[in-house]
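All values below come from the heavy atoms of this structure, side chains included, with hydrogens, waters and symmetry mates left out. These numbers come from a predicted model, not from an experiment.
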Amino acid sequence: MQEEYKKGILDRLADKFVYALGSFISLFKKGWKEKNKSKMEEWRLMLYALNRSPPALIGLVLVIGFIFLGIFGPHLAPWKYNYFPSLENWTVQYPAPPGTSVYLPYSHKTITYPLGSDNYGRDLLSMLLHGARTSFVISIIVIFLGVPLGIILGLIAGYHGGKIDELIMRITDMFLAFPALILAIALSAVLPQRLQMFVQSHVVLEKLTLLLFALDRREVGNLGNLLSVIFAMIIVWWPAYARITRGSTLTEKEKLYIEAARAIGLSSRTIMFKHILPNIIGPILVYITLDFGGVILMEAGLSFLGLGATPPIADWGRIVYDGIQYFPRAWWLIFYPGLLVMLVALGWNLLGDGFRDILDPKTRRSIEFKVKKSEEAESNV
Amino acid sequence: MEPVIQVKHLKKYFPIKGLFFTKGHVKAVDDISFEIYKGETFGLVGESGCGKTTTGRTILRLIEPTAGEIIFEGKNVMKFSKEEMKEFRRKAQIMFQDPYSSLNPRQTVFDIIMEPVKFHGIEVDDPEEFVVKLLESVGLNEMHLYRYPHEFSGGQRQRIALARLMALKPQFIVLDEPTSALDVSVQANILNTLKDLQSEYGFTYLFISHDLGVVKYMSHRIGVMYLGKLVEIGPSDRIFENPLHPYTQMLLSAIPVPDPELAQELKAKRKMVKGEPPSPINPPTGCRFHPRCPFAKEICKKEEPPLVKVEENHYVACWLYAKS
Amino acid sequence: MSEPILEVRNLTVHFYTYAGIVKAIEDVSFDVYKGETFALVGETGCGKSVTSRALTQLIESPGRIVRGSVIYHSDKGSVDLLKLNEEEIREIRGSEIAYIFQDPHSSLDPLYTVGYQIAEGMEVHGRVKSIKEGIQKAVDILRSVLIPDPESRVKNYPHELSGGMKQRVVIGTGIANSPKILIADEPTTALDVTVQAQILELIDDLRKKYNATVILITHNLGVVAETADRVAVMYAGKIAEIGSVEQIFKNPLHPYTKGLLKAVPNPMTKVERLDAIPGTVPNLITPPGGCRFHPRCPFAMEICKKKVPELKEIEDGHFVACHLY
């Protein structure tokens with residue numbers, strides 16, 4: 001019944017990683033490593049739990065790959081997303097299939113398409129790499145603005161209760177009553193012009209947006225569409241988190257340590273953010289991880305409907321949308337972006353499910369027990 | 001002797017909400033008055049639902065009272081300014097029944113103890129040394145400094161809770177059934193620690209419990225509660241030697257005693273134990289104990305008995321002793 | 001009195017949990033005599049509840065009865081309860097051996113009237129032909145557990161009754177088939193003292209009336225002193241001491257029993273200072289070797305760490321598992 005826990009390479013790596021991390025933090029905070037032994041042990045067990053779940057590891061690899069592409073994709077791309085070979089050589093029939101090489105007479109270069117081209121002769125690989133950045137940045141912004149908004153409102157509603165709770169939750173209900181996709185479509189159809197004007201009147205914001213999406217100065221006119229999708233998705237995303245957070249807050253605030261904190265005299269804000277939030281954040285983190293996939297899927301869906309990023313900005317959903325008219329001849333325009341969206345969404349979902357197990361104290365305790373036993377056995381040898 | 005806490009006509013009604021309107025009130029605490037003197041332990045005893053826990057929390061204003069006054073060191077707690085309230089939060093502390101939920105599972109022992117200290121701006125030269133000293137005074141040690149609550153047993157957790165409230169150097173501590181979730185062998189440990197700390201630091205305790213043996217061991221004076229009312233107050237010894245109120249008598253005869261010979265004697269007296277406490281939503285009129293009381297008279301059904309003095313420091317609310 | 005109805009030998013139950021094998025009880029042996037009240041007393045996690053459930057194989061996964069025997073001497077002859085199959089043990093459980101559990105609020109199904117629940121238990125064991133007949137009988141049973149106005153109470157749902165009334169109904173379901181053995185697992189822990197006194201008296205009256213044997217599981221030494229004839233003190237999955245109430249309370253032998261008795265504040269005597277037992281109850285995955293009490297024992301010797309003490313008879317009917325004797 002009681003099998004020995006055998007440490008694999010990944011587990012030993014996890015040991016080293018946690019130790020290194022502890023030493024690193026200790027450089028800045030003296031004695032941190034000694035004081036946080038329990039915390040580091042917990043991290044180590046979490047990593048062990050991760051190592052024991054192959055789906056979660058696959059998810060992790062996919063997600064790391066996506067983040068890597070999201071950060072470095074535009075720099076790795078052999079061609080710019082807005083370079084149109086069709087302007088130089090119109091003798092070729094675009095979209096060109098994978099493996100085609102085309103000579104460009106004006107710039108004296110030959111362009112080879114490893115994954116094919118689109119109808120303007122743009123390199124699909126380069127567009128996908130640029131598109132990774134678009135998806136990545138959008139998902140980050142939506143999650144990092146939408147989720148905290150929901151969490152804060154949920155905490156306030158759950159902790160204070162009464163009229164404040166009623167007000168916040170009825171507003172939340174209003175947002176949840178609309179089908180999310182319809183609401184996002186409506187918003188991204190109405191908002192672009194206003195956002196366009198707003199961005200162009202704020203130079204810093206304009207430059208920041210261009211930098212984040214790795215776009216040319218020329219694309220300034222298209223920012224409104226991009227931002228409207230982000231805005232629409234934030235509006236759609238927060239209510240679910242407000243509801244989850246409120247629910248967990250309601251159960252957590254009944255616990256005695258919250259009353260103990262009140263008996264000490266701590267303010268509501270301290271109690272909410274220092275005592276309640278850390279204790280309910282686990283399940284929320286799982287949701288966030290799953291939702292990264294969700295945001296990317298929805299963003300691709302909106303682009304596929306023609307909302308959001310407009311050409312020539314590279315976007316996975318948009319590539320599929322534009323490629324549909326050449327289907328099935330130019331299958332690569334549908335297949336490759338579709339595959340990427342699927343893999344990324346799958347990656348986040350697998351990782352999210354993995355987190356659920358890792359954050360479950362039961363899993364950790366069972367590993368802890370076995371690890372301790374095998375470590376004792378090792379030290380006895 | 002000066003009272004640390006005076007409770008005057010304290011009431012706490014919880015509304016029962018219907019669909020649109022309030023349907024009625026649970027009279028958890030209904031007009032009780034008592035005082036607790038410096039350095040003593042006042043035991044509050046009664047069965048579940050008698051309002052003893054609500055009383056403890058209302059005194060600390062963790063629950064706002066419906067009516068009544070709470071006087072702490074001569075000042076009305078209900079009229080405290082924000083600064084006075086903060087000071088009150090430092091001086092008056094509470095220890096809870098359930099050691100498994102009274103500590104934040106995400107904080108280390110060090111943080112659990114230091115957070116209130118930092119919040120109240122208490123100057124500490126060396127926080128680590130300060131916390132270790134506190135831990136030692138409750139029977140833990142420096143090994144436990146950076147551990148999390150889940151690494152401790154129930155008794156040890158109660159010790160951590162004790163160290164946390166001691167860090168603030170309080171004057172008055174409400175002990176809300178601090179040992180009822182613990183096993184007897186551990187309970188004895190905690191009770192002894194509480195007694196030692198009291199004689200060392202002069203704490204004043206309000207000790208709430210349903211266990212008469214424990215209350216007797218801990219308290220100097222005892223208040224017996226029944227359905228939101230204080231029915232008897234008196235010195236611990238007198239309550240046990242000469243219980244006046246029929247409810248107190250019933251309660252005493254009902255406790256199982258860990259002594260087989262004495263138990264057989266008590267069994268004979270047990271004939272008077274009958275019935276169960278009624279719901280506090282619609283308590284009986286007059287004396288609330290009259291439906292279970294073997295001595296109930298006509299007046300008991302109609303009028304509430306006043307609290308009258310029967311002997312030195314010994315008061316009872318019963319028509320057997322009062323004149324109408 | 002001296003005729004045994006249950007002979008328990010080397011009863012061992014392990015729980016196979018995620019954290020390891022919990023050795024909940026190991027080699028527990030005792031006899032229960034006909035007509036007596038036998039108390040199993042001990043602190044949380046000492047295995048008293050597990051023992052009581054293992055008697056009729058009421059151990060659910062991940063638990064398993066590893067070894068041992070429970071010989072039950074009924075009118076029909078003797079049988080080892082642990083060797084019976086699922087069908088046979090169910091015949092006995094509920095009809096010859098009945099249970100009363102701690103929490104009256106969750107031992108009754110909120111969807112059925114109390115009369116139906118009592119009747120159902122009788123119908124299953126063939127004591128009545130139909131539920132209708134059972135409900136009529138239930139009125140008598142409710143009367144025997146001293147519920148006032150049983151004719152109308154029989155139609156009540158559990159939520160309409162108070163805690164004490166519910167426990168009376170639970171006892172009613174227990175005695176409905178006039179069992180030979182009534183196993184009461186902390187029957188009064190969820191109740192107030194005044195109600196507790198009444199319930200204990202009721203159980204004792206019923207024992208005399210039906211000539212039944214009661215096995216009382218409790219952590220409350222006061223309850224034991226009052227109701228039990230003989231007592232087994234358990235610690236960390238083992239029996240530390242068995243004896244009559246007088247022997248256990250007046251002349252405790254095991255250091256754990258002694259410590260336990262000194263740690264309880266007696267409300268009837270003046271206690272200046274309680275003697276506490278140092279340390280905490282060990283976990284049962286890796287219990288201490290030898291005598292399981294030795295890390296907390298003031299009299300621990302070298303041998304206590306190595307050898308598991310056997311139960312020895314010190315005086316008539318008074319057994320103790322300790323190397324001091």
Note: vs chain A, highest number of non-hydrogen pairs under 4.5 angstrom among Glu151(B), Gln97(B), Arg57(B), Met95(B) is Arg57(B)
Okay, Leu62(B) and chain A: the region with an atom under 4.5 Å from a heavy atom over there is both
Interatomic distance, CG@Leu351(A) vs CG@Leu290(A), rounded to 0.5 Å, equals 9.0 Å
One option among Leu145(B), Val174(B), Asn104(B), Asp98(B) has the most heavy-atom pairs under 4.5 Å with chain A, and it is Asn104(B)
d(Thr55(B) OG1, Ile63(B) CD1) to nearest 0.5 Å is 9.0 Å
Quiz item: Do the charged groups of Arg12(A) and Asp15(A) touch, with an N to O distance under 4.0 Å?
Solution: no
Ion pair present between Glu41(A) and Lys37(A), side-chain N to carboxylate O less than 4.0 angstrom?
no
Chain A shares the most heavy-atom pairs under 4.5 Å, among Arg90(B), Arg61(B), His150(B), with His150(B)
In terms of heavy-atom pairs under 4.5 Å with chain A, the winner among Arg147(B), Glu128(B), Arg106(B), Met85(B) is Arg106(B)
Smallest heavy-atom separation, Phe42(B) atom then Phe34(B) atom, equals CE2-CD1, 3.6 Å
Counting heavy-atom pairs under 4.5 Å with chain B, the top scorer among Ala260(A), Ala263(A), Ser267(A), Ala261(A) is Ala263(A)
* Asked: Would Trp43(A) and Phe17(A) count as a close aromatic pair, with their ring centres under 6.0 Å?
  -> no
Most contact-rich option vs chain B, by heavy-atom pairs under 4.5 angstrom, among Glu42(A), Lys39(A), Lys274(A), His275(A), is His275(A)
